K.L.:
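What follows is a structure written as structure tokens; I'll ask about it next.
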Amino acid sequence: MTNEFLHFEKISRQTWQSLHRKTTLPLTEEELESIKSFNDQISLQDVTDVYLPLAHLIQIYKRTKDDLAFSKGIFLQRESKSQPFIIGVSGSVAVGKSTTSRLLQILLSRTLTDATVELVTTDGFLYPNQTLIEQGILNRKGFPESYDMEALLNFLDRIKNGQDVDIPVYSHEVYDIVPEEKQSVKAADFVIVEGINVFQNPQNERLYITDFFDFSIYVDAAVDDIESWYLDRFLKMLSLAQNDPDSYYYRFTQMPIGEVESFAHQVWTSINLTNLQNYIEPTRNRAEVILHKTKNHEIDEIYLKK
């Protein structure tokens with residue numbers, strides 16, 4: 001065990017699945033298929049063994065937070081104000097963060113029938129491509145400096161204070177912020193914030209995004225496996241873009257497949273791998289829970305902060 005994991009308890013999937021009493025699954029096979037990323041693999045068995053216990057643990061943290069807020073209110077002799085319970089989900093590009101986040105949104109909203117659950121991706125806080133071009137950092141899209149961190153922190157602060165917020169929308173199809181389009185985010189009971197940068201803030205060493213989180217998850221896997229999933233996703237995006245000239249990926253449909261594979265590998269090596277090694281993975285130990293995936297996307301180990 002490396003020093004990084006000294007303050008985590010390693011739990012096998014077999015042990016983890018026994019920590020939650022068996023209940024009727026709150027979603028169908030068709031619903032699970034509809035929420036998973038198209039290069040991801042997940043089964044109803046994964047939901048039963050891994051994600052239902054995780055949702056149960058999150059509810060324990062939520063109750064504890066509410067109890068603390070109530071006790072603090074008594075101590076300060078003022079009424080405690082209800083705040084959203086904010087969950088951060090981080091990990092590499094193509095590791096399955098979006099699937100995990102969407103699944104948690106469904107599980108929390110259906111196991112807590114009165115609860116409202118919002119989902120936000122930090123892609124919406126990327127600077128528009130034109131801004132990145134003007135700053136000369138389009139080739140570093142996804143790196144910390146390509147995000148409007150001030151806007152992201154302001155969003156989290158307003159949500160934490162119970163305010164509704166409109167935020168920008170990012171499209172992977174056009175590879176840019178969508179002009180004039182906004183996502184209206186309500187100050188719900190739970191707000192899930194997903195993105196590669198949600199444990200970071202290198203521009204301000206005094207304030208990290210994790211300061212706003214009540215619970216945090218890092219989705220982990222071997223680098224070689226993530227690279228394979230990224231390349232697979234890139235090629236699948238091409239198949240979706242074949243008849244869509246507006247798609248960022250359409251240009252690659254006009255190229256020989258060998259050139260496309262070479263380009264995708266170069267993007268992985270020079271951008272995504274570098275970003276993972278220098279900025280994303282070093283924040284892994286800020287998570288409360290690390291979900292480790294094997295080559296077939298199955299979660300085999302869970303690390304829970306002691």
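On a predicted model such as this, the values are computed, not experimentally measured, just so you know. Quick note: numbers below take in every heavy atom, side chains included, and nothing from hydrogens, waters or symmetry partners.
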K.L.:
Okay, side chain of Lys295, backbone of Ala222: is any donor-acceptor separation there less than 3.5 Å?
P.N.:
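No; zero donor-acceptor contacts below 3.5 Å.
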K.L.:
Is there a donor-acceptor pair under 3.5 Å between the side chain of Gln105 and the backbone N or O of Val117?
P.N.:
yes
K.L.:
Quick one, Thr269 and His265 - any side-chain contact, counting heavy atoms below 4.5 Å?
P.N.:
yes
K.L.:
Should Leu235 and Ile257 count as side-chain neighbours, where that means a heavy-atom distance under 4.5 Å?
P.N.:
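In short, these two side chains touch, coming nearer than 4.5 Å.
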K.L.:
Are Ile35 and Leu104 connected into the same hydrophobic cluster when the rule is that any two of I, L, V, M, F, W, Y join if their side-chain heavy atoms are below 4.5 Å apart?
P.N.:
yes
K.L.:
What class does the angle between the rings of Phe143 and Tyr279 fall in, given that below 30° is parallel, 30 to 60° is tilted and above 60° is perpendicular?
P.N.:
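Rings of Phe143 and Tyr279: perpendicular, over 60°.
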K.L.:
Test Glu173 against Asp246 for side-chain contact (heavy atoms from CB on, under 4.5 Å), laying out the working first.
P.N.:
CA-CA 8 Å; Glu173 284 70 33; Asp246 293 329; over 6 Å; no
K.L.:
Counting distance only, does the side-chain N/O of Ser71 pair as donor-acceptor with the main-chain N or O of Leu68 below 3.5 Å?
P.N.:
no
K.L.:
Do you know the tightest heavy-atom contact between Thr99 and Lys36?
P.N.:
OG1-CA, 3.6 Å
K.L.:
Can you tell me how far CH2 of Trp229 sits from OG of Ser37, rounded to the nearest 0.5 angstrom?
P.N.:
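That separation rounds to 12.0 Å.
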K.L.:
Quick one: does any side-chain atom of Thr28 pair with a main-chain N or O of Glu31 as donor and acceptor, under 3.5 Å?
P.N.:
yes
K.L.:
Flag the pair Val120 / Phe155 as yes when at least one side-chain heavy-atom distance between them is below 4.5 Å, and no otherwise.
P.N.:
yes
K.L.:
Check whether any side-chain heavy atom of Ser171 sits under 4.5 Å from a side-chain heavy atom of Asp176, and report yes or no.
P.N.:
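Not in contact.
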K.L.:
Quick check on the hydrophobic clustering: are Leu132 and Phe125 connected, directly or via other members, by side-chain heavy-atom contacts under 4.5 Å?
P.N.:
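No: no chain of side-chain contacts under 4.5 Å links Leu132 to Phe125.
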K.L.:
Measuring from atom CD1 of Ile192 to atom OG of Ser98, what distance do you get when rounded to the nearest 0.5 angstrom?
P.N.:
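Ile192 atom CD1 to Ser98 atom OG measures 11.5 Å (nearest 0.5 Å).
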K.L.:
Does atom NZ (Lys305) have a neighbourhood of more than 12 heavy atoms from anything else shown, all under 6.0 Å?
P.N.:
yes
K.L.:
When you look at CD of Glu79, are more than 12 heavy atoms from neighbouring residues, nucleotides or ligands closer to it than 6.0 Å?
P.N.:
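No, because the 6.0 Å sphere around CD of Glu79 holds 12 heavy atoms or fewer from other groups.
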K.L.:
Hydrogens and angles aside, do Tyr61 and Glu288 bring a side-chain donor and acceptor to less than 3.5 Å of each other?
P.N.:
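Result is yes, a qualifying pair exists.
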K.L.:
Report yes if the distance between the aromatic ring centroids of Tyr175 and Tyr249 is under 6.0 Å, otherwise no.
P.N.:
no
K.L.:
Verify the neighbour count for atom CD of Gln14: are there more than 12 heavy atoms of other residues, nucleotides or ligands below 6.0 Å?
P.N.:
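Incorrect, the count does not exceed 12.
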K.L.:
Side-chain donor-acceptor pair under 3.5 Å between Thr294 and Glu298, yes or no?
P.N.:
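No, no side-chain donor-acceptor pair sits under 3.5 Å.
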K.L.:
I'd like to know if Val198 and Tyr127 are part of one continuous hydrophobic network [Ile/Leu/Val/Met/Phe/Trp/Tyr, side-chain heavy atoms within less than 4.5 Å].
P.N.:
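Cluster IDs for Tyr127 and Val198 differ.
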K.L.:
Does the distance from a Lys or Arg side-chain N to an Asp or Glu carboxylate O, for Lys160 and Asp214, drop under 4.0 Å?
P.N.:
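A salt bridge links Lys160 with Asp214.
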K.L.:
I'd like to check Gln83 versus Lys65 (side-chain heavy atoms, cut-off strictly below 4.5 Å). Are they in contact?
P.N.:
yes
K.L.:
Can you say whether the rings of His172 and Tyr170 are parallel (under 30°), tilted (30 to 60°) or perpendicular (over 60°)?
P.N.:
perpendicular
K.L.:
Considering non-hydrogen atoms only, spot the tightest contact between Leu27 and Leu44 and give its length.
P.N.:
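Of all heavy-atom pairs spanning Leu27 and Leu44, the closest is O-CD2, 4.1 Å.
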K.L.:
Do Ile133 and Val174 sit in one hydrophobic cluster, given that two such residues count as connected whenever their side-chain heavy atoms are within less than 4.5 Å of each other, even indirectly?
P.N.:
no
K.L.:
Walk me through it: do Ser43 and Asp46 pass the test side chain to side chain donor-acceptor pair (under 3.5 Å)?
P.N.:
CA-CA 5 Å; Ser43 66; Asp46 295 325; 3.2 Å; yes
K.L.:
For the pair Arg158 and Asp166, evaluate salt bridge (Lys or Arg N to Asp or Glu O under 4.0 Å) and give the outcome as yes or no after the intermediate values.
P.N.:
CA-CA 11 Å; Arg158 291 178 64 189; Asp166 289 340; over 6 Å; no
K.L.:
In terms of side-chain geometry, is the basic nitrogen of Lys62 or Asp66 positioned less than 4.0 Å from the acidic oxygen of its partner?
P.N.:
yes
K.L.:
Apply side-chain contact (heavy atoms from CB on, under 4.5 Å) to the pair Phe8 and Ile290, showing each step before the final yes or no.
P.N.:
CA-CA 9 Å; Phe8 284 90; Ile290 300 170; 3.9 Å; yes
K.L.:
Does any part of the side chain of Thr116, heavy atoms only, come nearer than 4.5 Å to the side chain of Lys186, both counted from C-beta?
P.N.:
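Of all side-chain heavy-atom pairs linking Thr116 with Lys186, none is under 4.5 Å.
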K.L.:
Charged N to carboxylate O below 4.0 Å: is that the case for Asp40 and Lys293?
P.N.:
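Answer for the salt bridge query: yes.
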K.L.:
Whether the side chain of Asn161 engages the backbone of Asp157 through a donor-acceptor N/O pair (distance < 3.5 Å, no angle test) should be reported.
P.N.:
yes
K.L.:
Taking all non-hydrogen atoms of both residues into account, name the closest pair between Met149 and Ile209 and its distance.
P.N.:
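In terms of heavy atoms, the two residues are closest at CE-CD1, 3.4 Å.
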K.L.:
Can you name the nearest heavy-atom pair linking Ile87 to Ile217, along with the distance?
P.N.:
CG2-CD1, 4.2 Å
K.L.:
Go through it in stages, so that I can follow the logic: the residues are His56 and Leu52, the test is side-chain contact (heavy atoms from CB on, under 4.5 Å), and I'd like the CA-CA distance, side-chain angles, deciding distance and then a yes or no.
P.N.:
CA-CA 6 Å; His56 180 59; Leu52 274 177; over 6 Å; no
K.L.:
Are the side chain of Thr113 and the backbone of Arg110 linked by a donor-acceptor contact shorter than 3.5 Å?
P.N.:
no
K.L.:
Working to the nearest 0.5 Å, report the span between NE2 of His297 and CD1 of Ile42.
P.N.:
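The CD1 atom of Ile42 is 10.5 Å from NE2 of His297, to the nearest 0.5 Å.
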K.L.:
Applying the 4.5 Å side-chain criterion to the ILVMFWY set and letting contacts propagate, would Leu126 and Ile137 be lumped into a single cluster?
P.N.:
no
K.L.:
Check this for me: Phe70, atom CZ, are more than 12 non-hydrogen atoms of other residues, nucleotides or ligands nearer than 6.0 Å?
P.N.:
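Not more than 12 within 6.0 Å, no.
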K.L.:
What's the separation between atom CG in Asn285 and atom OH in Tyr218, rounded to the nearest 0.5 Å?
P.N.:
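Asn285 atom CG to Tyr218 atom OH measures 10.5 Å (nearest 0.5 Å).
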K.L.:
Please assess Val193 against Phe212 for the test side-chain contact (heavy atoms from CB on, under 4.5 Å), listing each intermediate value before the final yes or no.
P.N.:
CA-CA 10 Å; Val193 183; Phe212 292 93; over 6 Å; no
K.L.:
Please answer whether the main-chain N or O of Gly142 pairs with a side-chain N or O of Asn275 as donor and acceptor at a distance below 3.5 Å.
P.N.:
yes
K.L.:
Kindly say whether Leu119 contributes a backbone atom to a donor-acceptor pair with the side chain of Gln183 at under 3.5 angstrom?
P.N.:
yes
K.L.:
Is there a side-chain contact between Trp16 and Val50 in this structure, where contact means two heavy atoms from C-beta onward sitting under 4.5 Å apart?
P.N.:
yes
K.L.:
So, do Trp268 and Phe234 sit near enough that their side-chain heavy atoms are less than 4.5 Å apart?
P.N.:
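Sidechains of Phe234 and Trp268: no contact.
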K.L.:
At what distance, to the nearest 0.5 angstrom, does OG of Ser146 lie from CG of Asn139?
P.N.:
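Between atom OG of Ser146 and atom CG of Asn139 there are 10.5 Å.
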K.L.:
Distance check, rounded to the nearest 0.5 Å: Asn278 atom CG versus Leu273 atom CG?
P.N.:
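Rounded to the nearest 0.5 Å, the CG-CG separation comes out at 8.5 Å.
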K.L.:
Which pair of heavy atoms, one from Leu291 and one from Tyr51, lies closest together, and at what distance?
P.N.:
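Scanning both residues completely, I find the closest heavy atoms to be CD1-CE2, 4.2 Å.
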K.L.:
Could you pull out the closest heavy-atom pair between Leu276 and Ser92, with the gap in Å?
P.N.:
CD1-CB, 3.7 Å
